[in-house]
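Chain naming here is simple, since letters A, B, ... match the order of the sequence lines and numbering starts at 1 in each.
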Protein chains: 2
Amino acid sequence: MKENKPNAEKSIVDIALALGVSAATVSRALNDNPRISEATRKKVKEKAKEMGYRHNSMASSLRNRRSNIIGLIVPRVSMYFHSVFITALQNKLQPEGYNLIVCQSNDSVAVEQQLASTLYSSRVDALVVSLALYTEEYHHFDGFTNHGTPLLFYDRVPTKSYAAYIVKGDDYRGGLIAGDHLIEMECKKIAYISGPLSCSIYKERTEGFTHALAKAGLHLNTDWCFYHELTAENAWNSLRQLFSGKEKPDAIFASNDTTAVAAVQFSREQGIKIPQELKIMGYSNDPRSSIISPAITTIDQHPTEMAHRVAHKLLQVLKDKRQAQEYDAQEIVPVTLIRRMTT
Amino acid sequence: MKENKPNAEKSIVDIALALGVSAATVSRALNDNPRISEATRKKVKEKAKEMGYRHNSMASSLRNRRSNIIGLIVPRVSMYFHSVFITALQNKLQPEGYNLIVCQSNDSVAVEQQLASTLYSSRVDALVVSLALYTEEYHHFDGFTNHGTPLLFYDRVPTKSYAAYIVKGDDYRGGLIAGDHLIEMECKKIAYISGPLSCSIYKERTEGFTHALAKAGLHLNTDWCFYHELTAENAWNSLRQLFSGKEKPDAIFASNDTTAVAAVQFSREQGIKIPQELKIMGYSNDPRSSIISPAITTIDQHPTEMAHRVAHKLLQVLKDKRQAQEYDAQEIVPVTLIRRMTT
DNA sequence: TTGTACGCGTTATCAT
DNA sequence: ATGATAACGCGTACAA
C-alpha cells in the first residue's frame, strides 16, 4: 500500500503513475525527445509543473556519467586578477549549461591537494587550476588526466612539463617590456621585488626582466632583489631594507600592484620624489594602481580575455571527446604596458 | 562474459569481486564503518588504491539525498565586498565537507531566476543569495523553502517578508552614522548618491541617512539626490549635474566607494578642495578608498564577519534538520565608521 | 508513438 | 563481522 506523503519529492515515476503512462514516456517528454507526440508532451509537462516535480541532476549525472560541473581552484578569490577571471569564466560557461565549483587554495599546497582530491571524487567534467605559490609537484592532478578528465592550468601553470591544457599570460614578455621601459627612462640602478621563483609567472617575469637589463648591459644587483610572497607587509620590509644602504635605487619593478602601491606610499612617507628620484612599475593593472597618486605604470594581463580563451578551450574539449588527449601548444595571452605617472 | 576494459572506472563492485567479499563490505570498509574488522578494512583500502578506485559522489548523493554542495548567487564576484565574503565563506565551509557552487546574477533578475532554477535541480543542500539590484519578487526561490532546502539571504535581502534565514549588515545604522558624521562636521548642503531603492541595502541606508538629517532639522534636497546603479560612469554624470547649478553642495554621501572615488577624482579635476569646500563619504571600505588621496571616510561592513555568521547559521541548520523551519530573527552585522581625510 | 527492462555506483536494512 | 538485496531517480537500447 502506497502512502501519499504530501511533501515528498515527486519523481518521473509519480508523474507516469498519475498520467497512466510509462516513466520512459515522461522522461522523453520532459527532455523534448521528438519521438513523443505534441499532445503527451504538453500533458506531461503540465502535470509535472502541477505536481511540483523537479529534475534530479544527481540521478541524471549518475546515469549520463557527466555532472555538468566544472571545478576551479584558484589561489584567492579576492585577488583582482582572479576575481575578474572568475566573473568572465562564469559568464561564458553558465549559458552553456555548466556550473562552476569555485575553490581557493589560499596559496597552500596542502589545501590544493585536498581540493583536487575532493573535486576528483565529485566527478567534475573538467578541472581548471591556477597553482598555489609553492606548488612544484603535480601528482595530485594525475587522476584527472588518467581518467580522461580535461585538466587546464591558467596563469600560474606548472613549471615542469605536465600533460594538461595551458593558457597563460605572456609573463616573459611582461618582464621584458617592464625592463625595456625602465631602461628607456634611463634608469641605471634598478631594484626588483618578485614573488617566489617556484611560481611560473614570477619565474618568467624575472627571465624577461633580466634579459631586458642584459640587453642594456645591466645586471640585477642581488642586494636589490627580493623574492617573497607579495603582500603589503613584505613589501614594506623589503623597501625599508632597500633604502637603508648608502646607495639608493632609481627604479623599482614590483611584480604585482600591491607591492607597487606600497612602494608609492613608502616613497611618499620618505619624501622620495616620484618619478624624478624613483621610478616605479607594477604588474596586473589592479584598480588601485590607477587610483593612487601618482598613478602607477603597470602591465595589464587581460584577465577577461584569458577567461574567454579558457572557456573556449574547455567547451571545445568537452564537446569533442576525441581530441581530449591532444595537448597542443600552450595558449599565450598578450600583455600590455599601461604607462602612467610613476615612470 | 565480463571484459576487462583497462581504463574503465572501477566501482566498489569491482573491488568486491577482486577480493571475494561483498560490495557492502567494501563500502563500509572505505567509510571506516566500525562494524568492519581492521584486517578487511586495510585489505580493501589497499586494493582500492591499487585499482585506482575513486569514490563516486554522484551515486552517493543520489543514495543519500544530499549533495554536500551549497549554492551561492551573488551579484558580481568582482565586487570587493562579495569577493571577500566568498573567500571567508568558502574557507569556513570547505573544512566541513561542503563545496560551494558560485554563480553571479550580473545584477539581472532574469539571470538570477535562471540560476535559482538550475541550482534547484542541482539539489544543492542549501542556497545562499545576495539579490540583484532590481529583484522585488522572490517566487523563483519558493521551491527551496517548499522542499525544505535551507535558503539564506545575506547583504541584499528581500524587502518584503519572506520565509528564509537572513543575515544582513546594519545598513540603517550605516546611513545614520554617515548622516550624523557629516552633520557633526557642520555640513549644511548635503548631496546623496544612492543605489536604487528596490534594493534593501540602499533603501535602509537612505532611511538611516534621512533620519540623521531630520534630527538636525535638515531634509534632503531632491535636486541633490540620485538613485541609480552605482557605476563610475553614472557617478560622473550625477556629479556633473550636481555642480552645474548655481548652488553647490558642501558634502556628498555616496552609497558605495566606487562613487566616492569618482567624487574625489571629479573634485580634483574641478579644483574643488577636499575637505574644506566639499566633504565626501563612501560605503564599504573598499581598498581603493584608503589608497586614493585624500583617503575617503567610509563605512566598513565587515564582510568576513558576515560570512562567518552565514556559515555558522548554515552549518547549524544543515546538522539539525529539526529546526529547519524556525526562521528566527534576522542577524544583523554591525558597521563601523572609518574616519579618513575627506571629512 | 509508447512501453519494458535494466544499469549507473552506493548504501540502508535485514539477515546470517 | 559480513552478506544479500533493494532501493535512490533517470535514461536508453530494444521491443512492440
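A:F85 and A:F81 have parallel rings, their planes meeting at less than 30° on a 0 to 90° scale where 60° marks the start of perpendicular.
Judged by distance alone with a 3.5 Å cut-off, a donor-acceptor contact links the side chain of B:R28 to the base of D:dG3. A donor and an acceptor atom sit less than 3.5 Å apart, one in the side chain of B:R63 and one in the base of C:dT11.
Of the side-chain N and O atoms in B:S60, none sit less than 4.0 angstrom from OP1 or OP2 of C:dG9. Between B:R65 and D:dG9 there is a side-chain N or O to OP1 or OP2 distance below 4.0 Å.
Distances were taken from every side-chain heavy atom of A:V21 (C-beta onward) to each of C:dG3, C:dG9, C:dT10; the shortest belongs to C:dG3. For A:A24, the listed nucleotide lying nearest its side chain is C:dA5; candidates were D:dG3, C:dT10, C:dA5. Nearest to the side-chain atoms of A:S22 among the listed nucleotides D:dC10, C:dG9, C:dG3 stands C:dG3. When each of D:dG11, C:dG9, D:dG9 is scored by its nearest atom to the side-chain atoms of A:S27, the top-ranked nucleotide is D:dG11.
You'll find the side chain of B:Q90 reaches within 4.5 Å of the side chain of A:C103, heavy atoms only.
B:E136 and B:T159 are not linked by any side-chain donor-acceptor pair at a separation below 3.5 angstrom, with hydrogens and angles left out of the test. Looking only at atom types and distance, the side chain of A:N106 has a donor-acceptor partner in the side chain of B:N91 under 3.5 Å away.
Atom P of nucleotide C:dT11 and atom CG of B:N68 are separated by 12 Å, given to the nearest angstrom. Distance, B:I12 CD1 to C:dC8 P: 12 Å, rounded to whole Å. Following rounding to the nearest Å, B:Y53 (OH) and C:dG9 (C1') show an atom-to-atom distance of 8 Å. In this entry the distance linking NZ of A:K10 with C1' of D:dC10 reads 18 Å, nearest Å. In this entry the distance linking NE2 of B:H55 with C1' of C:dT10 reads 8 Å, nearest Å. Computed from coordinates, the A:N64 CG to D:dA13 C1' distance equals 14 Å when rounded to whole Å. Remark: P of C:dT10 and CZ of B:R66 are 17 Å apart, rounded to the nearest angstrom. When the P atom of C:dC8 is taken as reference, atom CG of B:L62 falls 14 Å away, rounded to whole Å.
Ring centroids of A:H55 and B:Y120 are separated by 6.0 Å or more, keeping the two rings apart. When ring centroids are compared, B:H82 and B:Y154 come within the 6.0 Å threshold.
Remark: A:K43 engages no residue in a salt bridge (Lys or Arg N to Asp or Glu O under 4.0 Å) (not counting sequence neighbours).
Only A:R35, A:I36, A:S37, A:T40, listed by number, bring a heavy atom of residues 31-51 of chain A to less than 4.0 angstrom from any atom of DNA chain C.
For the pair B:T25 and B:A59, nearest-nucleotide mapping onto DNA chain D gives the more 5' position to B:T25.
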